[in-house]
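Here's the structure we're looking at; comments come further down.
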Amino acid sequence: MADSTALNFALIIGSTRPNRFADVPARWIAEAAAERSDFTLEILDLRDWPLPFFDQPTSPARAGGDYSNPAVARWRDRVREFDGFIATAAEYNHGPTAVLKNALDTAYTEWNKKPIGFVGYGGVGGARAVEQLRMVAVELQMAPVMRAVHIGLEPSLGVMLHGKALDDYPYLAESRTAMFDQLVWWGSALKGAREAAALAEAIAA
Ligand SMILES: Cc1cc2nc3c(=O)[nH]c(=O)nc-3n(C[C@H](O)[C@H](O)[C@H](O)COP(=O)(O)O)c2cc1C
């Protein structure tokens, strides 16, 4: 149960195809997050956010938050509410899913100065997609945390073919806790810094 000072995080489900595996790690992350008192976790399922393939006349980094498409404006408003993010990261051809990259590209200031952690899966635990996503996150002025969950081939096949659950692999739960802890540390530090900067700006105005 979250306390009143809890950070507000979102879990972005980063693939949208039918039969996606993403629901398995998303549920497993959400279940563990519900036990935490230091943050809350809301789900942002990209299936519920049918964003246009990037169509804005100006880069979000230069638009100052002025987005012409209402669907984009809604996404921007939703992203702005959160203190940090976790994204499920499927690996498609050694990179992130296009739908997740598009969702990241579609906002800018709303991502700035917030932490993000990744739950990768695939043949090598989504490691290649996660590494690319970390570089994208830096460009969005985010703080990608060092710890991540990497669900490799064995647990993926265990779940898909042999009736296993992710909880049958204790090293995954250890990574999940470490990622949560790092998100809370960075989330608190950056929230404080954002608030201090906003106050200084208000005083100077
Ligand atoms: C277009 C496409 C490309 C893929 N490329 C990779 C890859 O490069 N590396 C990998 O480990 N798995 C790859 N896979 C397998 C995915 O890891 C696997 O299908 C996973 O379930 C995809 O996540 P999703 O089910 O949430 O969409 C690929 C799957 C698709 C559909």
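We count ligands from 1, going down the list as the structure has it; atoms in each ligand are counted the same way. Starting from 1, each residue takes its place in the sequence as its number.
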Nearest neighbour in protein (non-hydrogen) for atom 20 (C) of ligand 1: Y121 CE1, 4.0 Å
Which of the ligand 1 atoms, numbered from 1, are nearer than 4.0 Å to a heavy atom of G122: 11 (O), 17 (O)
R80/D77 salt bridge by N-O under 4.0 Å criterion: yes
Residue A90 vicinity, atoms of ligand 1 by number, heavy atom under 4.0 Å: 22 (C), 23 (O)
How about F9 and F82: are their ring centres within less than 6.0 Å of each other? no
With the threshold set strictly below 4.0 angstrom, can you tell me whether any protein non-hydrogen atom sits that near atom 18 (C) of ligand 1? no
May I ask you to say whether D45 pairs ionically with R20, meaning some side-chain N is under 4.0 Å from a carboxylate O? yes
Counting only heavy atoms, which portion of R17 has something under 4.0 Å from ligand 1: side chain, backbone, both, or neither? side chain
Within the 4.0 Å heavy-atom shell around S15, which atoms of ligand 1 are there? 24 (P), 26 (O), 27 (O)
What protein heavy atom sits nearest atom 5 (N) of ligand 1, and how far away is it? N93 N, 2.7 Å
Establish, yes or no, whether the cationic atom of R78 lies under 6.0 Å from the six-membered ring centre of W49 and within 45° of the ring axis. no
Check the surroundings of atom CE in M146: do more than 12 heavy atoms from other residues, nucleotides or ligands lie under 6.0 Å from it? no
Under a 4.0 Å heavy-atom limit, does A22 contact ligand 1 with its side chain, its backbone, both, or neither? both
Atom CD of E81: over 12 foreign heavy atoms under 6.0 Å: yes
Does E174 CD have over 12 foreign heavy atoms under 6.0 Å away? yes
How close does the nearest protein non-hydrogen atom get to atom 11 (O) of ligand 1, and which residue and atom is it? G123 N, 2.8 Å
Under 3.5 Å, is there a donor on one side chain and an acceptor on the other for Q141 and Y108? yes
Taking the six-membered ring where the residue is Trp, are the ring centres of F39 and F180 under 6.0 Å apart? yes
So, is F21 polar-close to ligand 1, with some N/O to N/O distance under 3.5 Å? yes
For atom 31 (C) of ligand 1, the protein heavy atom that lies nearest, with its residue and separation: Y92 CE1, 3.9 Å
Give me the nearest non-hydrogen protein atom to atom 8 (O) of ligand 1 as residue plus atom name, then the distance to 0.1 Å. H94 N, 2.7 Å
What protein heavy atom is closest to atom 6 (C) of ligand 1, reported as residue, atom name and distance in Å? E91 O, 2.9 Å
